[in-house]
Engineer: 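Here you go, one structure.
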Amino acid sequence: MTRGSLSVRQVAASYGATPVLDEVSLDVVPGEFVALLGASGCGKTTLLRAISGFVRVDRGRVIASDRDITDTPPEKRGMAMVFQSYALWPHMSVAKNIAYGLKLRRWPRERIAGRVDETLALLKLGGLGERNVEQISGGQRQRVALGRALAVEPELLLLDEPLSNLDARIRLELRHEIRALQKRLGITAIHVTHDREEAMVMADRIAIMHRGRIEQVGAPETIYQSPQSAFVADFLGASNICDLVLDRSDDEIRIAPGPLNTAARVPPRQAERLNGSAHGPVRAHFHSNAARLVSADSDTDAKTLTLFGRIAQSSYPGGFYRYAVAVGGREFVVDSDRHLSEGETVGISLPVEALHLFPHTGNNEEREETS
Amino acid sequence: MRSPSLIGLLLVTPALLLLAALFVYPLGFSLVSAFTVEGAGDGGDRFGLFNFVNAYELYATDIAFTVLIVGLSTALIGIFAVAIGGYLTLGEVGFAVALLRWLYRWPLFIPFIVAAQCMRTFLAKNGLMNNALSAAGLLEPLSAQSFLDWRGIVITFVWKQTPFVALLVAGAMASIDRSTIEAARNLGASRLRALIEIVVPQVHAILVVGLVLSFVTMMSVLSVPMMISGNTPTMMTVDMAFRINAYGDYGTANALGFISYLLTGAVAWIYLRRGVREGPP
C-alpha cells in the first residue's frame with residue numbers, strides 16, 4: 001500500500017447545470033507537493049474539494065492511498081485541509097483547536113497534550129496554547145490552522161489558498177515554512193493557488209488549470225521553459241505576444257523577415273508543438289526578462305530575432321528603466337539600464353530559444369484574464 | 001438657537017410618553033396592586049405580602065407545574081430548533097432540505113388559540129393521532145389514551161414555538177463561516193459531532209436569546225393551558241384569569257403575575273450575566 005498517494009481519474013463535476021471539472025486526471029506520488037495553479041473560476045478549488053469530498057463528482061474516480069474514496073464521506077478520507085479563511089473555531093483556544101482532530105481519533109488525554117506541545121513548538125507558537133484564536137495575528141492563526149492539520153498526521157494535506165489573506169512579508173515567511181515542514185514530515189500536499197510565484201517556489205510539480213481542465217503538469221522549470229499551450233505561456237508570464245511568419249525549407253525552419261522583424265533560424269525542437277504546421281503565420285510568446293533593448297540598426301545573428309519599434313512610454317521603477325515599446329499595433333514592456341527618450345526608434349532583441357511558438361488561432365485578442 | 005439636545009429630547013418625547021402610558025403605568029399599577037390589600041381593616045388600603053401568601057397557599061402546585069411545563073418545553077424547543085437548523089445547514093439531500101425549509105415555518109403563522117384548538121382534536125382519546133396510530137397498527141384502540149393533559153400543553157408549546165427559535169438559529173447557522181464546519185468534518189467529525197461541537201457553540205448566543213424569548217412567551221399564554229388542560233394542576237395564567245373573572249380578585253392575580261415576572265426576569269438575568277461574562281462577541 002502506498003500511503004499518501006493520490007490518483008484523480010477522469011473526474012467531472014458541476015455546480016447545477018454548469019460544468020466545472022472536465023475529465024480531470026492527476027497522479028500524485030507519496031511525499032510530493034503539487035500546486036494547482038489557475039485563474040479564478042478555472043476549477044482548481046473545485047478539484048481540491050472533490051478530492052476532500054465536499055464536492056460530489058459526476059464521473060470519474062478519486063483514489064487515495066490505493067483506496068477508492070470517490071463515494072467516501074469527507075470525515076472518512078483521512079485528509080486535513082487548511083483554508084484561506086483559517087477556519088479556526090472561535091470558541092476554542094489555540095491548543096483545543098490543534099487537539100480536536102486527535103480527540104476525534106480518541107487519543108488518550110496525555111498523548112494529545114504531548115502532541116499539542118510538539119505541534120506548538122514546531123510552528124513557533126510556544127506559549128500561545130491557552131490564547132483565544134481571535135487574540136492572535138493572521139500569520140499565527142494560519143500557523144494554528146496548519147498545526148491543526150499536521151497534528152493528525154494526515155495522508156494528504158490539502159491547502160486551499162492558505163496564504164492569500166496574509167500580508168506580503170508573512171506570506172513569504174510561511175511559504176518556506178510550509179514547504180520545509182512538508183518535506184520534513186514527508187506528507188503529500190496539494191496546494192491551490194492563483195499566485196504563480198508561490199506555486200513556482202513551493203511545488204515539486206505544478207498543474208496549470210484552465211476552464212475545468214488541466215492544461216499542463218510538470219516541474220516548475222519545465223512548464224516555465226516549455227509551456228505546452230499559449231494559455232500556459234501567457235499565465236506563466238510569457239505574456240508578450242507577437243505574430244510572425246515561419247518559412248520552411250528542406251531541413252530548416254526560419255522566421256521570415258518582415259517590416260517589423262529580422263529573420264532568424266528556429267531550432268527544430270522549438271517548432272515541435274506546432275504539430276508539423278511549422279509554416280505560415282505563428283504566434284510567439286516571450287517573457288519580458290528575455291528581451292533586451294538594442295539600437296535599431298545593430299547587427300543580429302541567426303539565433304536572435306529583433307523586433308523594431310518605438311519607445312511609447314518610459315518609467316523608472318528603481319535600479320533600471322521600464323519602457324513600453326510599440327511594435328506595430330502591440331506594446332511590449334522591456335526593462336533596460338539605458339536611458340532612452342520617448343519616441344526613439346529601438347530594436348527588441350530576443351534569443352530565439354526564448355520564444356514560445358504556437359499555431360496562429362486567428363483570434364487576435366484571445367487573452368484570458370490572468371491574475 | 002436651540003441646543004441639539006433639546007431638539008433630541010422633543011423628538012423622543014412622544015415615544016417616551018407612549019411607553020410610560022402603555023407600559024410603565026400599567027406595570028407599575030399591577031406591581032403596586034400585588035402588594036396592596038384593598039379595604040383592609042379600617043377601610044383603607046394596606047401594603048403587605050397578603051396576596052403572595054394567598055397565591056402561594058392556593059397555587060403553589062400550579063406555580064411548580066408552570067415552571068416544569070415551560071422549562072421542559074424550552075428544553076425540547078432548543079433540541080428541535082438545533083435539529084432543524086442543523087439539518088438545514090448540514091443536510092446533504094437537497095430535496096429534503098428544501099422541503100424542511102418550506103414546512104418548518106408554518107406554525108409561526110398560526111395563533112396560539114388556533115394551535116390549541118387543533119391540538120384538542122389531534123391529541124384527544126379518539127383524536128386524529130390515536131386514530132392514525134391505530135390505523136397503522138401501531139396502537140391497540142383499547143389502550144388509546146388522551147394526551148390532553150400536561151403532555152398536550154408541552155406538545156402544543158413545542159410545536160408552536162420551535163419554528164420561531166429554529167428561524168433564529170438557522171439564520172445564525174447559515175451565517176457562520178462554513179469552512180469551520182468543513183475543517184471539522186475534514187479532520188474526521190461526523191455531521192452530528194460537527195453540529196454539536198462546532199456549529200452550536202458558535203450560535204449559542206442566538207439560541208439562548210430565542211429560548212429566553214420563547215420562555216417568556218409561553219409563560220404568558222392563557223389559551224393553550226385553558227383549552228388543552230384546564231383542570232388542576234394547571235398553569236398560572238389560568239389561575240390569574242380565574243381569580244379575576246370569578247372573584248374580581250386583582251390582588252392575588254397580580255401577585256401571581258409578579259411571580260411569573262420574577263421567573264422570566266430570572267431567566268433573562270441568567271442570560272445577561274452570561275453575556276457579561278463572555279464579553280462582546
Side-chain angles (χ1 to χ4, degrees), chain A residues 15-16 45 48-49 51-56 71-92 96-107 132-135 141 144-162 165, chain B residues 78 82 85-98 101 168-169 171-211 271 273-281:
Chain A
Y15 290 128
T45 297
L48 192 81
R49 293 173 65 77
I51 294 168
S52 62
F54 292 115
V55 164
R56 206 176 282 270
D71 301 315
T72 309
E75 61 266 29
K76 298 207 169 109
R77 294 194 176 203
M79 299 175 182
M81 193 149 160
V82 179
F83 297 81
Q84 184 178 351
S85 66
Y86 320 129
L88 295 177
W89 302 305
H91 55 288
M92 294 186 198
K96 282 188 175 154
N97 264 277
I98 295 174
Y100 187 70
L102 304 169
K103 201 174 103 185
L104 290 171
R105 281 161 183 71
R106 299 191 182 164
W107 279 29
N132 185 296
V133 291
E134 288 176 345
Q135 294 169 335
R141 284 185 204 188
V144 174
L146 190 63
R148 178 176 71 181
L150 293 176
V152 299
E153 294 180 344
E155 289 176 15
L156 208 57
L157 178 66
L158 305 176
L159 304 157
D160 185 7
E161 308 218 23
N165 279 357
Chain B
V82 165
Y87 195 75
L88 293 178
T89 312
L90 298 165
E92 283 171 358
V93 184
F95 167 73
V97 171
R101 195 184 301 282
L168 294 179
V169 166
M173 285 179 179
S175 67
I176 68 172
D177 179 2
R178 253 203 106 74
S179 56
T180 60
I181 304 169
E182 291 180 349
R185 293 202 61 202
N186 192 246
L187 285 174
S190 64
R191 279 188 286 163
L192 185 63
R193 271 196 93 147
L195 175 66
I196 295 167
E197 293 177 344
I198 304 297
V199 177
V200 171
Q202 290 191 67
V203 301
H204 86 274
I206 300 285
L207 176 65
V208 172
V209 169
L211 292 179
Y271 167 67
R273 245 176 68 97
R274 205 186 156 93
V276 169
R277 203 170 51 232
E278 288 180 358

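Chain letters run A, B, ... following the sequence lines, proteins first, then strands; residues in each count from 1.
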Engineer: Between A:L88 and chain B, with a heavy-atom cut-off of 4.5 Å, which part of the residue counts as in contact: side chain, backbone, both or neither?
Structural biologist: backbone
Engineer: Say you draw a straight line from CG of A:L104 to CD of B:E197; how long is it, rounded to the nearest 0.5 Å?
Structural biologist: 6.5 Å
Engineer: Measuring from A:L102:CG to B:L187:CG, what's the distance to the nearest 0.5 Å?
Structural biologist: 9.0 Å
Engineer: Return yes when atom OH of A:Y15 has more than 12 non-hydrogen atoms of other residues, nucleotides or ligands closer than 6.0 Å, and no otherwise.
Structural biologist: yes
Engineer: Using every non-hydrogen atom in the two residues, find where A:E75 and B:A189 come nearest and quote the distance to one decimal.
Structural biologist: CB-O, 3.4 Å
Engineer: When only pairs under 4.5 Å are counted, which of B:I198, B:I181, B:I176 shares the most heavy-atom pairs with chain A?
Structural biologist: B:I198
Engineer: Under 6.0 Å from the CZ atom of A:R56, do we count more than 12 heavy atoms belonging to anything else shown?
Structural biologist: no
Engineer: Say you draw a straight line from CZ of A:F54 to CG of B:N186; how long is it, rounded to the nearest 0.5 Å?
Structural biologist: 5.0 Å
Engineer: At a heavy-atom separation under 4.5 Å, does B:R178 approach chain A through its side chain, its backbone, both, or neither?
Structural biologist: neither
Engineer: How close do A:F83 and B:S179 get, counting heavy atoms only, and between which atoms?
Structural biologist: CD2-CB, 3.4 Å
Engineer: Could you tell me which of B:R185, B:R191, B:E182, B:E92 has the largest number of non-hydrogen atom pairs under 4.5 Å with chain A?
Structural biologist: B:E182
Engineer: Is A:R49 close to chain B through its backbone or its side chain, or both, or neither, when contacts mean heavy atoms under 4.5 Å?
Structural biologist: side chain
